[in-house]
Amino acid sequence: MSFPGKVELSPVQPLPLDIGIPVTPNEKELRERRRFSKLIPFLYTVQKWSILPFGCFALLHIPAVVVMPSLSVNLAKQLFTMGRCVYQAPGLESLMIWGSLGVHILSGVTLRLLKIYRNYSYYGMVHKRTRRRKSLFAKENTDDLDPSFGMGGITSLLGLGFKGSYISKILGISPLSFTGYLLLPVLAAHIYDMRLLPASIDRDSNLIDVEYVTQALAQHKWTTSLGLLALVGLASYHTIGGMMRYLKLYSLRSRQWSYALVVGMFTVAGFSLRAISQLPLIQGYVGKRYSVYLA
């Protein structure tokens with residue numbers, strides 16, 4: 001039956017719609033996904049635990065060169081010498097510094113490359129992490145936070161709720177990973193200046209002491225001070241943020257304490273640099289060797 005002004009409908013044969021997206025992954029994709037599901041958690045575990053030996057080195061080194069000079073430079077010299085006798089002992093330096101740090105960095109870079117490849121194979125593009133935006137005044141549920149959320153942002157510290165990091169939106173990586181990549185060249189420059197360069201000239205770095213930083217500040221004031229402060233700031237954020245991630249500390253109180261620790265370390269480092277810069281320049285043979293290192 002038909003009606004005036006109406007379009008008559010008739011049944012049609014249903015046909016499948018092919019839009020180029022397979023409904024189920026093929027065997028090759030299933031093998032890749034199984035491989036990723038095993039390899040990525042393994043690399044996370046390696047990255048997590050490989051940094052522990054370097055953490056032991058940091059517990060010996062950081063109090064002597066970052067904290068103690070702000071209180072007593074003479075005591076800082078003694079602690080630095082004592083710590084160096086431990087972590088530069090034969091075999092320990094390779095384990096605590098080169099091995100631990102190398103495995104941590106390589107596992108992190110490998111993880112990033114695997115994730116890029118996995119996202120490209122799944123989506124055909126580099127897939128950036130997206131987070132659901134919440135209202136500024138919404139109550140925060142810490143159980144739903146991304147594990148890489150870590151220390152959060154300024155709005156979360158003010159109790160205004162979570163907003164996605166601009167670094168995550170633009171680069172597709174967490175602020176924790178971003179500070180790690182920024183830390184790499186700064187840490188490499190520090191190791192080269194304090195360990196590798198003197199060893200390449202005199203075959204060891206036994207002359208390096210707190211006074212060497214005094215000489216460096218006198219000859220290259222801005223590059224030395226900015227480099228060391230950047231090292232302390234980035235290392236503090238990356239270390240404390242990583243500990244929060246591993247310990248799953250995402251509460252507002254935990255993040256506030258973490259930022260307080262980072263700011264405190266940065267401030268103490270500034271006072272220590274000021275105290276070291278006021279030391280008299282060392283003279284004689286050692287002072288001449290310092291000038292050669294810093295030339």
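Bear in mind the structure is a predicted one, so any value in this text is a computation, not a measurement.
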Would L182 and F178 count as a side-chain contact (heavy atoms from CB on, under 4.5 Å) if you check the C-alpha gap in whole Å, the side-chain angles of each, and the deciding distance to 0.1 Å?
-> CA-CA 6 Å; L182 288 181; F178 182 67; 3.5 Å; yes

Where is the tightest heavy-atom contact between [X] and [Y], given as atom of each residue plus distance?
X	Y	answer
V46	S107	CG1-CB, 4.1 Å
L281	A218	CD2-CB, 3.9 Å
A64	A76	O-CB, 3.4 Å
V286	I282	CG1-CD1, 4.0 Å

Heavy-atom neighbours of Y246 OH exceed 12 at 6.0 Å =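 Yes - once you tally the heavy atoms of other residues, nucleotides and ligands closer than 6.0 Å, there are more than 12.
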
Can you list every pair that meets side chain to side chain donor-acceptor pair (under 3.5 Å) and has a residue in [range], with sequence neighbours left out?
range	result
residues 53-81	H61-Y87, K77-E211
residues 179-191	T179-H238
residues 263-290	D202-R289
residues 217-232	Q215-Q219

Please name all residues satisfying side chain to side chain contact (heavy atoms under 4.5 Å, CB included) with [X], sequence neighbours left out, ordered by chain then number.
X	answer
S50	V103, H104
R253	S251, Q256, W257
S205	Q88, R195, P198, I208
Y44	I40, Q47, L111, K115, R245

In terms of hydrophobic clustering (I, L, V, M, F, W, Y; side-chain heavy atoms under 4.5 Å; direct or indirect links), are [X] and [Y] co-clustered?
X	Y	result
L184	L226	no
L234	V263	no
Y293	L196	yes
L92	L60	yes
F271	L231	no

Drop me the distance from [X]'s [atom1] to [Y]'s [atom2], to the nearest 0.5 angstrom.
X	Y	atom1	atom2	value
M194	D209	CE	CG	11.0 Å
L261	I240	CG	CD1	4.5 Å
Y237	F266	OH	CZ	15.0 Å
F54	I105	CZ	CD1	8.5 Å
S200	Y192	OG	OH	5.5 Å
M243	L249	CE	CG	8.5 Å

By side-chain hydrogen bond (donor to acceptor under 3.5 Å, both in side chains) - contacts of S177 (at least two apart) |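 Residues passing side-chain hydrogen bond (donor to acceptor under 3.5 Å, both in side chains) with S177: S174.
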
Whichever hydrophobic residues join L52 through chains of side-chain contacts under 4.5 Å = W49

Using a side-chain heavy atom cutoff under 4.5 Å and only I, L, V, M, F, W and Y, what cluster partners does M68 have?
-> L71, L75, L79

For residues 48-67, the salt bridge (charged side-chain N to carboxylate O under 4.0 Å, His left out) pairs (sequence neighbours left out) are none

Ignoring hydrogens and angles, tell me if any N or O in the side chain of T214 forms a donor-acceptor pair with the backbone of I276 under 3.5 Å.
->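 It does hold such a pair.
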
Going through the checks in order, is the side-chain contact (heavy atoms from CB on, under 4.5 Å) test met by V65 and V210?
-> CA-CA 8 Å; V65 298; V210 175; 5.6 Å; no

